[in-house]
Amino acid sequence: MNLILTDFSVHAGQRRLLHLPELALPATGLIGIIGPNGAGKSTLLHAMAGLVAHAGTKTLDDGWPAPARIGFLPQNFAVSAAISVAECVLLGRREQLGWRVTTRDRAEVARALEMLDLSHLAGIRMDCLSGGQQQRVLLAQRLLRHPRLLLLDEPTSALDMRHQLEVLTRLKSLSQGMLVIAALHDLTLAGRFADHLVLLEAGTLKVSAHPSKALAPGVLNPVYGIHSELLLDQSNHLVVVAHRAS
Amino acid sequence: MSVLAHDRRDGFTRAGISRMGAVCAALILLSTLMVADLVTGPAGLPLSEVLHGLREGPSGEDRRLATILWHLRMPQTLMAALVGAALGISGLMMQTILNNPLASPYTLGFSAAAGFGAASVILFGTALPVAMWIGVPIAAFAATLAAAGLVYLVARFRGASPELLVLAGIAVLFLFQSLQSLLQFMAAPEVLQQIVFWLFGSLLKATWTSVKVLSVILALALPLIAREVWNLTALRLGDGNAASLGLNVEALRRRVLVLVALLTAGAVCFTGTIGFVGLIAPHVGRALVGEDHRFGLPLAGIVGAVVLVAASVTGKLISPGAVIPVGIITAIAGIPMLFGVILMRGRT
């Protein structure tokens, strides 16, 4: 069943940070949340992850997944702990861990590391990794939870171009079996990988549509305050070119 | 941190084994030091005689030997190990929940509170219906829990962020320090001397009763601590990451705060405030086994015990006649250790 938010709002004291009267998203697939700074992207993800209180209802699969089935990757993820990459990923199974690390724990960790091409880093300490490597490790940690719903706050912000493409390709294939909702800043990447885009502006829903519609200059320009152009590259992927601030 | 494996493919096995090695090595060192502590003392028993006395048991035929070994030295040695372990474990938990390498079991004013509790009974104790040797530890214990209770209340109603906990703790620290100073100011010279001696922290106050009480507290607290090891490790990833793993970080901080208060109160109420162990032991533990609390907590406990037993031996060696309070030794001997750890870290 689809993900449906009804009369969904988040307040900080008296101030309303987010208000979505109605938002329906498919049950699986890769959904991009876009919008300028302060539009409410992180707030929406935090509220869906259950980390901030909200009013209104959220449903998915005739209810809402248990916390253990929601994988949320925050934007401020930097880890300064002296633990190995494998141990860090292992913490994704926090609730199931006993005093001894079992063969099954290890196999799951190895699989998650493999999936994000991190196996060679397994024994390296987290605080010795770059921001982008940490980000991928933490993504692997979330995948260890076999989430039904994966909420990612700018999962590619610290990654170089190659790893942005790799991670999004991986998320895209994972999204056949789960719902992946990611806040994205790079509109070209959003247009290329997302099945559906949600454009927020000042805490309200501007557009929820296929990328070709959501990224159209007529929609994008007033929200971002730019002059942009939507092009197609040689393999017919969308490319957003921003010419200047308006 | 060469102890951690870097070459092993899955990042687990070798790391696990070398950490077990570190824990075992620390245990062997602790046992050796405990025997050394039993051998040293004003009465000057040789090792062979001590080993003989240990085999004979407390009701051995040589009454003098049995009394010295089982009634004077053994409680002190065991108390040194237990207090060191309690302070080491609570030190690491405190540093983890406050996300601060400078934190110790005393950071939130617990030692000042214990000192105030003890001082108040030493000063007014003659008016109380209980004997001094019971009244002082009970008051120190109660005052420590009261201090923890104040910090807990703040954490309960205003949120348990590290900054807020430290701020509340510092307020509690100053409150109890002032109250303690007030008592010292009011006290007659000979009473003042008693208060100051309590504050030094000494193992001479150890008895079998104190050993039993602290053992019971440890036995109660350790299973509860064991349940939090993975949560504490997860907290090291930062609040945001830990919370997104479904961990209620504030509730965790409050639960651990209670455990730290209990262990610290149990440790200081009989012996007085023994500084530095709770600060240094977690650093040594982390440097040896990293931040996996499954290994870090036991090792911090063992290292804490090692430091305190070593301080006890040193105190007896440098001043055989009048034993120097162990609290003084740990502070002096702890500094080179801390610098050692800092320098060792700088290289890796």
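Below, chain A is the first sequence line, B the second, and so on; all start at residue 1.
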TODO: Would you mind reporting whether Arg236(B) and Ile83(A) have side-chain heavy atoms less than 4.5 Å apart?
DONE: no

Task: Leading residue by heavy atom contact count with chain B [cutoff under 4.5 Å; candidates Leu138(A), Leu73(A), Val85(A)] - done: Leu138(A)

- [ ] Answer with side chain, backbone, both or neither: which region of Ala242(B) has an atom nearer than 4.5 Å to a non-hydrogen atom of chain A?
- [x] neither

- [ ] Kindly determine whether Leu245(B) and Glu95(A) satisfy side chain to side chain contact (heavy atoms under 4.5 Å, CB included), including the steps that lead there.
- [x] CA-CA 9 Å; Leu245(B) 288 175; Glu95(A) 294 92 339; over 6 Å; no

Open item on the list: Tell me the closest heavy-atom pair linking Ser244(B) and Arg142(A), and the distance in Å.
Closed with: OG-NH2, 2.5 Å

Task: Minimum-distance pair of heavy atoms, taken over all atoms of Arg94(A) and Ala234(B) - done: CD-CB, 4.0 Å

Open item on the list: Can you tell me which residue among Leu235(B), Thr233(B), Asn241(B), Asn231(B) is in a side chain to side chain contact (heavy atoms under 4.5 Å, CB included) with Leu91(A)?
Closed with: Thr233(B)

Task: chain B contact via Gln141(A) - which portion, at a heavy-atom distance below 4.5 Å - done: side chain

TODO: State whether Arg19(B) and Glu87(A) are salt-bridged, where the test is any N-O pair (Lys NZ or Arg NE/NH1/NH2 against Asp/Glu carboxylate O) under 4.0 Å.
DONE: yes

Task: Contact class of Leu97(A) relative to chain B, heavy atoms under 4.5 angstrom - done: both

- [ ] Work out which heavy atom in Cys88(A) is nearest to a heavy atom in Leu237(B); give both atom names and the distance.
- [x] SG-CD2, 3.8 Å

